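Numbers for residues simply follow the sequence, beginning at 1. All of these numbers come straight from a predicted model, not from anything done at the bench.
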Amino acid sequence: MKIEGFAYRRVQVDGEVALNAAVGGSGSPVVLLHGFPQTHLMWRHVAADLAADHTVICPDLRGYGDSDKPADPDGTAYSKRTMAADIVALARELGHERFALAGHDRGAHVAMRAGLDHPDAVTHLASLDILPTLDSWDVLRGVGGAVGFHLYLMAQPPGLPERMISASADAFFGHFLDLWANDPEAIPADVRAVYLKASREAVPSIVADYRATAGVDVEHDRADRDAGRRLAMPVTVLQQDWGTALGFDAAALWRAWADDLEHRTVTCGHFMAEEAPAEVAGALRALLAR
(Lines give C-alpha, C1' and ligand atoms only; values in the text may rest on other atoms or scores of the structure.)
Protein backbone atom coordinates (compact mmCIF):
# COMPACT_ATOMS: atom_id res chain seq x y z
CA MET A 1 0.00 0.00 0.00
CA LYS A 2 1.31 3.45 -0.96
CA ILE A 3 0.44 7.11 -0.47
CA GLU A 4 -1.56 8.02 -3.54
CA GLY A 5 0.18 10.43 -5.88
CA PHE A 6 3.59 10.04 -4.21
CA ALA A 7 6.69 8.62 -5.89
CA TYR A 8 8.76 6.07 -4.03
CA ARG A 9 12.52 6.18 -3.69
CA ARG A 10 15.07 3.93 -2.06
CA VAL A 11 17.80 6.22 -0.75
CA GLN A 12 21.18 5.17 0.60
CA VAL A 13 21.86 7.11 3.81
CA ASP A 14 25.07 5.45 4.96
CA GLY A 15 27.32 2.57 3.93
CA GLU A 16 24.90 -0.15 4.96
CA VAL A 17 21.42 1.36 5.24
CA ALA A 18 18.93 2.54 2.64
CA LEU A 19 15.57 4.05 3.53
CA ASN A 20 12.29 3.63 1.71
CA ALA A 21 10.71 7.05 1.21
CA ALA A 22 7.53 8.43 -0.35
CA VAL A 23 8.03 11.86 -1.94
CA GLY A 24 5.32 14.15 -3.26
CA GLY A 25 4.40 17.75 -3.92
CA SER A 26 6.64 20.76 -4.51
CA GLY A 27 7.82 23.71 -2.49
CA SER A 28 9.72 24.01 0.76
CA PRO A 29 10.57 20.55 2.17
CA VAL A 30 8.80 18.89 5.09
CA VAL A 31 9.92 15.49 6.41
CA LEU A 32 7.36 13.39 8.30
CA LEU A 33 8.53 10.55 10.58
CA HIS A 34 6.17 7.76 11.64
CA GLY A 35 5.66 6.09 14.99
CA PHE A 36 5.09 2.63 16.49
CA PRO A 37 3.69 0.22 15.43
CA GLN A 38 3.34 1.86 12.04
CA THR A 39 5.09 2.82 8.82
CA HIS A 40 5.27 5.99 6.73
CA LEU A 41 1.69 5.20 5.64
CA MET A 42 0.36 6.79 8.85
CA TRP A 43 1.00 10.19 7.24
CA ARG A 44 -1.12 9.48 4.13
CA HIS A 45 -3.81 12.10 4.88
CA VAL A 46 -1.52 14.82 6.24
CA ALA A 47 1.06 14.27 3.49
CA ALA A 48 -1.54 14.67 0.76
CA ASP A 49 -2.73 17.91 2.37
CA LEU A 50 0.75 19.42 2.78
CA ALA A 51 1.86 18.36 -0.71
CA ALA A 52 -0.37 21.10 -2.16
CA ASP A 53 2.41 23.59 -1.41
CA HIS A 54 5.35 21.67 0.05
CA THR A 55 7.71 18.91 -0.96
CA VAL A 56 6.72 16.18 1.48
CA ILE A 57 9.08 13.32 2.33
CA CYS A 58 7.74 10.34 4.31
CA PRO A 59 10.38 7.70 5.02
CA ASP A 60 10.20 4.42 6.84
CA LEU A 61 12.65 4.75 9.71
CA ARG A 62 15.58 2.36 9.73
CA GLY A 63 14.37 -0.90 11.18
CA TYR A 64 10.76 -0.34 10.08
CA GLY A 65 8.62 -0.94 7.02
CA ASP A 66 10.57 -1.35 3.79
CA SER A 67 13.73 0.36 5.05
CA ASP A 68 16.83 -1.64 5.89
CA LYS A 69 17.11 -3.33 9.27
CA PRO A 70 20.79 -3.62 10.21
CA ALA A 71 22.04 -5.77 13.06
CA ASP A 72 22.80 -3.99 16.32
CA PRO A 73 25.90 -5.61 17.82
CA ASP A 74 26.92 -2.71 20.07
CA GLY A 75 23.60 -1.03 20.91
CA THR A 76 24.13 2.07 18.74
CA ALA A 77 22.63 1.08 15.37
CA TYR A 78 19.22 2.32 16.54
CA SER A 79 20.25 5.22 18.72
CA LYS A 80 18.19 8.27 17.92
CA ARG A 81 21.46 10.00 17.02
CA THR A 82 22.08 7.39 14.32
CA MET A 83 18.47 7.46 13.13
CA ALA A 84 18.48 11.26 13.04
CA ALA A 85 21.63 11.24 10.92
CA ASP A 86 19.76 8.96 8.51
CA ILE A 87 17.07 11.60 8.06
CA VAL A 88 19.52 14.44 7.47
CA ALA A 89 21.35 12.28 4.92
CA LEU A 90 18.05 11.33 3.27
CA ALA A 91 16.99 14.95 2.86
CA ARG A 92 20.41 15.88 1.52
CA GLU A 93 20.34 13.06 -1.02
CA LEU A 94 16.96 14.35 -2.16
CA GLY A 95 18.44 17.83 -2.61
CA HIS A 96 17.47 19.54 0.66
CA GLU A 97 20.11 20.90 3.03
CA ARG A 98 17.43 22.45 5.26
CA PHE A 99 13.94 21.16 5.98
CA ALA A 100 11.08 21.21 8.45
CA LEU A 101 10.66 18.02 10.46
CA ALA A 102 7.65 16.46 12.19
CA GLY A 103 7.64 13.17 14.07
CA HIS A 104 5.06 11.03 15.78
CA ASP A 105 5.86 8.65 18.65
CA ARG A 106 9.20 6.94 17.79
CA GLY A 107 9.64 9.37 14.92
CA ALA A 108 9.21 12.26 17.35
CA HIS A 109 12.18 11.02 19.38
CA VAL A 110 14.22 10.88 16.18
CA ALA A 111 13.02 14.35 15.22
CA MET A 112 14.00 15.84 18.57
CA ARG A 113 17.47 14.34 18.33
CA ALA A 114 17.81 15.70 14.79
CA GLY A 115 16.87 19.14 16.08
CA LEU A 116 19.50 18.97 18.82
CA ASP A 117 22.26 17.45 16.68
CA HIS A 118 21.57 19.25 13.39
CA PRO A 119 20.15 22.71 14.17
CA ASP A 120 21.48 24.09 10.89
CA ALA A 121 19.44 21.54 8.94
CA VAL A 122 16.12 21.51 10.84
CA THR A 123 14.21 24.75 10.34
CA HIS A 124 11.04 23.86 12.27
CA LEU A 125 10.21 20.94 14.54
CA ALA A 126 6.91 19.27 15.45
CA SER A 127 6.48 16.50 17.99
CA LEU A 128 3.31 14.42 18.20
CA ASP A 129 2.42 12.76 21.50
CA ILE A 130 5.70 12.15 23.29
CA LEU A 131 7.75 13.63 26.08
CA PRO A 132 11.50 13.96 25.63
CA THR A 133 13.27 10.70 26.50
CA LEU A 134 14.58 11.71 29.91
CA ASP A 135 11.22 13.12 30.95
CA SER A 136 9.39 10.01 29.75
CA TRP A 137 11.37 7.80 32.09
CA ASP A 138 10.96 10.26 34.95
CA VAL A 139 7.15 10.37 34.79
CA LEU A 140 6.53 6.62 34.31
CA ARG A 141 6.59 5.74 37.98
CA GLY A 142 4.43 3.64 40.31
CA VAL A 143 1.26 2.03 39.04
CA GLY A 144 0.87 4.81 36.47
CA GLY A 145 4.01 3.49 34.80
CA ALA A 146 2.09 0.38 33.75
CA VAL A 147 0.89 2.29 30.69
CA GLY A 148 4.48 2.05 29.43
CA PHE A 149 5.00 -1.65 30.09
CA HIS A 150 6.31 -2.17 26.54
CA LEU A 151 9.14 0.29 27.22
CA TYR A 152 10.36 -1.84 30.10
CA LEU A 153 9.88 -5.11 28.22
CA MET A 154 11.92 -3.98 25.21
CA ALA A 155 14.60 -2.46 27.42
CA GLN A 156 15.69 -5.93 28.53
CA PRO A 157 18.91 -7.50 27.15
CA PRO A 158 18.72 -9.12 23.71
CA GLY A 159 16.94 -12.44 23.54
CA LEU A 160 13.89 -12.62 25.78
CA PRO A 161 11.90 -9.61 24.48
CA GLU A 162 12.38 -10.68 20.88
CA ARG A 163 11.26 -14.25 21.61
CA MET A 164 8.24 -13.19 23.64
CA ILE A 165 7.01 -10.66 21.07
CA SER A 166 7.68 -12.91 18.07
CA ALA A 167 5.65 -15.69 19.69
CA SER A 168 2.49 -13.57 19.43
CA ALA A 169 3.46 -10.61 17.27
CA ASP A 170 0.05 -9.70 15.88
CA ALA A 171 -1.52 -9.76 19.34
CA PHE A 172 1.32 -7.65 20.76
CA PHE A 173 1.35 -4.96 18.08
CA GLY A 174 -2.41 -5.06 17.63
CA HIS A 175 -2.85 -4.35 21.33
CA PHE A 176 -1.38 -0.87 20.86
CA LEU A 177 -3.36 -0.16 17.70
CA ASP A 178 -6.52 -0.98 19.66
CA LEU A 179 -5.65 0.64 22.97
CA TRP A 180 -4.25 3.92 21.72
CA ALA A 181 -6.91 4.82 19.13
CA ASN A 182 -9.98 6.77 20.21
CA ASP A 183 -11.41 6.18 16.73
CA PRO A 184 -10.61 2.63 15.56
CA GLU A 185 -12.09 3.38 12.12
CA ALA A 186 -9.22 5.82 11.51
CA ILE A 187 -7.02 2.77 10.91
CA PRO A 188 -9.05 0.66 8.46
CA ALA A 189 -8.50 -3.06 8.12
CA ASP A 190 -6.21 -2.87 5.07
CA VAL A 191 -3.96 -0.29 6.74
CA ARG A 192 -3.94 -2.24 9.99
CA ALA A 193 -2.84 -5.32 8.05
CA VAL A 194 0.09 -3.36 6.60
CA TYR A 195 1.16 -2.23 10.07
CA LEU A 196 0.91 -5.70 11.57
CA LYS A 197 2.83 -7.35 8.73
CA ALA A 198 5.57 -4.71 8.81
CA SER A 199 5.92 -4.99 12.59
CA ARG A 200 5.81 -8.79 12.59
CA GLU A 201 8.71 -8.81 10.13
CA ALA A 202 10.78 -6.30 12.12
CA VAL A 203 10.67 -7.52 15.72
CA PRO A 204 14.47 -7.48 16.33
CA SER A 205 14.95 -3.97 14.96
CA ILE A 206 11.87 -2.55 16.69
CA VAL A 207 13.11 -3.96 20.00
CA ALA A 208 16.57 -2.54 19.30
CA ASP A 209 15.03 0.89 18.72
CA TYR A 210 13.26 0.76 22.09
CA ARG A 211 16.29 -0.75 23.85
CA ALA A 212 18.37 2.22 22.71
CA THR A 213 15.86 4.55 24.38
CA ALA A 214 16.66 2.90 27.70
CA GLY A 215 20.39 3.10 27.08
CA VAL A 216 22.42 5.24 24.71
CA ASP A 217 19.57 7.69 24.04
CA VAL A 218 19.38 8.49 27.74
CA GLU A 219 23.11 9.17 27.78
CA HIS A 220 22.84 11.54 24.82
CA ASP A 221 19.87 13.43 26.25
CA ARG A 222 21.45 13.71 29.68
CA ALA A 223 24.65 15.11 28.15
CA ASP A 224 22.60 17.72 26.29
CA ARG A 225 20.63 18.66 29.38
CA ASP A 226 23.80 18.97 31.45
CA ALA A 227 25.37 21.16 28.74
CA GLY A 228 22.27 23.35 28.50
CA ARG A 229 21.61 22.51 24.85
CA ARG A 230 18.11 23.38 23.64
CA LEU A 231 16.09 23.24 20.46
CA ALA A 232 16.89 26.44 18.59
CA MET A 233 14.09 26.33 16.01
CA PRO A 234 10.34 26.97 16.39
CA VAL A 235 8.75 23.92 18.02
CA THR A 236 5.15 22.73 18.10
CA VAL A 237 4.06 19.89 20.38
CA LEU A 238 0.69 18.17 20.00
CA GLN A 239 -0.08 15.89 22.89
CA GLN A 240 -2.88 14.03 24.60
CA ASP A 241 -3.45 15.17 28.17
CA TRP A 242 -1.27 12.50 29.77
CA GLY A 243 -0.06 15.06 32.28
CA THR A 244 -3.43 15.24 34.01
CA ALA A 245 -3.65 11.45 34.13
CA LEU A 246 -0.11 10.86 35.42
CA GLY A 247 0.46 14.03 37.41
CA PHE A 248 2.94 16.14 35.46
CA ASP A 249 2.99 19.42 33.54
CA ALA A 250 3.80 18.41 29.97
CA ALA A 251 4.17 21.96 28.68
CA ALA A 252 6.65 22.82 31.44
CA LEU A 253 8.73 19.75 30.64
CA TRP A 254 8.88 20.76 26.99
CA ARG A 255 9.73 24.39 27.84
CA ALA A 256 12.93 23.12 29.43
CA TRP A 257 14.03 22.01 25.94
CA ALA A 258 12.60 24.72 23.66
CA ASP A 259 12.31 28.50 23.93
CA ASP A 260 10.04 29.06 20.91
CA LEU A 261 7.36 26.54 21.88
CA GLU A 262 3.69 26.10 21.12
CA HIS A 263 2.22 23.26 23.17
CA ARG A 264 -1.32 22.02 22.49
CA THR A 265 -3.35 19.25 24.03
CA VAL A 266 -5.64 17.34 21.67
CA THR A 267 -8.81 15.36 22.24
CA CYS A 268 -8.18 12.65 19.64
CA GLY A 269 -6.27 9.47 20.39
CA HIS A 270 -2.58 8.74 20.04
CA PHE A 271 -2.77 8.17 16.29
CA MET A 272 -3.64 11.79 15.68
CA ALA A 273 -2.36 12.05 12.10
CA GLU A 274 -4.97 9.44 11.18
CA GLU A 275 -7.69 10.38 13.70
CA ALA A 276 -7.49 14.17 13.21
CA PRO A 277 -5.47 14.81 10.03
CA ALA A 278 -6.94 18.25 9.35
CA GLU A 279 -6.01 19.41 12.86
CA VAL A 280 -2.48 18.05 12.50
CA ALA A 281 -1.99 19.53 9.03
CA GLY A 282 -3.26 22.88 10.29
CA ALA A 283 -0.86 22.83 13.22
CA LEU A 284 2.04 22.04 10.90
CA ARG A 285 1.10 24.85 8.54
CA ALA A 286 0.94 27.25 11.49
CA LEU A 287 4.37 26.06 12.63
CA LEU A 288 5.85 26.61 9.18
CA ALA A 289 4.53 30.17 9.20
CA ARG A 290 6.44 31.06 12.39
Side-chain angles (χ1 to χ4, degrees), residues 1-6 22 24-25 30-52 54 56-61 64-65 100-112 124-131 136 147-148 150-151 170-199 206 235-246 250-251 254 262-288:
M1 183 175 289
K2 297 182 177 181
I3 300 177
E4 186 175 353
F6 277 53
V30 181
V31 180
L32 305 176
L33 305 181
H34 68 85
F36 162 93
Q38 298 168 290
T39 70
H40 75 282
L41 193 61
M42 63 153 281
W43 288 109
R44 60 197 179 279
H45 305 306
V46 174
D49 184 321
L50 294 179
H54 295 280
V56 182
I57 303 165
C58 301
D60 289 328
L61 297 168
Y64 289 81
L101 183 58
H104 172 255
D105 191 87
R106 307 308 295 166
H109 289 290
V110 176
M112 180 173 174
H124 302 76
L125 181 67
S127 170
L128 276 59
D129 219 26
I130 68 157
L131 290 174
S136 295
V147 70
H150 59 300
L151 301 176
D170 283 7
F172 180 78
F173 295 115
H175 167 79
F176 300 103
L177 293 174
D178 294 336
L179 182 67
W180 292 346
N182 285 359
D183 177 12
E185 293 184 2
I187 303 177
D190 55 346
V191 174
R192 179 189 177 93
V194 170
Y195 294 160
L196 291 179
K197 181 177 185 294
S199 298
I206 291 174
V235 176
T236 289
V237 174
L238 302 180
Q239 201 153 32
Q240 295 181 91
D241 196 6
W242 288 111
T244 296
L246 297 177
W254 271 104
E262 180 174 349
H263 185 281
R264 298 190 201 174
T265 55
V266 298
T267 57
C268 61
H270 177 66
F271 302 112
M272 55 187 68
E274 292 168 289
E275 297 185 64
E279 181 177 0
V280 171
L284 295 182
R285 289 184 183 281
L287 168 66
L288 294 169

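Between atom CE of residue Met1 and atom CG of residue Leu41 there is a gap of 6.0 Å, rounded to the nearest 0.5 Å. Between the CG atom in Leu101 and the CG atom in Leu125 there is a gap of 6.0 Å [rounded to 0.5 Å]. Expressed to the nearest 0.5 Å, how far CD of Glu262 lies from CG of Leu287 amounts to 8.0 Å. Considering CG of Leu131 and CE of Met112, their distance stands at 10.0 Å, rounded to 0.5 Å. How far CG of Asp241 is from OG1 of Thr265: 5.5 Å, rounded to the nearest 0.5 Å. Between the CG atom of Leu128 and the CD atom of Gln240 there is a distance of 10.5 Å, given to the nearest 0.5 Å.
The closest side-chain heavy-atom distance from Trp43 to Leu50 is not below 4.5 Å. Contact check for Phe176 versus His270: no side-chain heavy atoms found under the 4.5 Å cut-off. Within the 4.5 Å cutoff, side-chain heavy atoms of Cys58 are placed close to those of Ile3. In this structure the side chain of Asp60 reaches within 4.5 angstrom of the side chain of His34, judged on heavy atoms. In this structure, the side chains of His45 and Val280 stay at 4.5 Å or more apart for every pair of heavy atoms. Looking only at side-chain heavy atoms (C-beta outward), Leu284 and Thr236 stay at 4.5 Å or farther from each other. At least one side-chain heavy atom of Gln38 sits less than 4.5 Å from a side-chain heavy atom of His104. Two residues are said to be in side-chain contact when any heavy atoms from C-beta on lie closer than 4.5 Å; His263 and Gln239 meet this criterion.
A donor-acceptor contact shorter than 3.5 Å links the side chain of Tyr195 to the backbone of Met42. In this structure, Asp129 contributes its side chain and Asp105 its backbone to no donor-acceptor pair below 3.5 Å. Under a 3.5 Å cut-off, the side chain of Glu275 and the backbone N or O of Cys268 do not form any donor-acceptor pair.
Heavy atoms only, all atoms of each residue included: Ala281 and Asp49 are closest at CB-OD2, 3.5 Å. Minimum interatomic distance between Leu33 and Pro59 (heavy atoms only, all atoms of both residues): CD2-CG, 3.6 Å. Of all non-hydrogen atoms in Phe6 and Ala22, the two that sit nearest each other are CD2-C, 3.8 Å.
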### Task
Could you go through the side-chain contact (heavy atoms from CB on, under 4.5 Å) check for Val235 and Ser127 one step at a time?
CA-CA 8 Å; Val235 176; Ser127 170; 5.6 Å; no

### Query
Which is it for His54 and Leu288 under the side-chain contact (heavy atoms from CB on, under 4.5 Å) test, yes or no, and what are the steps along the way?
CA-CA 10 Å; His54 295 280; Leu288 294 169; 3.6 Å; yes

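Atom CH2 of Trp254 has more than 12 neighbouring heavy atoms from other residues, nucleotides or ligands inside a 6.0 Å radius.
Look at Arg192 and Asp178 and you find a salt bridge, because one of the NZ, NE, NH1 or NH2 atoms lies within 4.0 Å of a carboxylate O, short of that distance.
Contacts classified as salt bridge (Lys or Arg N to Asp or Glu O under 4.0 Å) and involving residues 38-48 (residues at least two apart or in different chains) are given here: Arg44-Glu274.
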Determine all donor-acceptor pairs shorter than 3.5 Å in which one atom belongs to a side chain in residues 180-189; sequence neighbours excluded.
| from | atom 1 | to | atom 2 | distance (Å) |
| --- | --- | --- | --- | --- |
| Asn182 | ND2 | Thr267 | O | 3.3 |
| Asp183 | OD1 | Glu185 | N | 3.2 |

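Scanning for ring-ring contact (aromatic ring centres under 6.0 Å, His included) contacts around Phe271 gives an empty result, with sequence neighbours left out.
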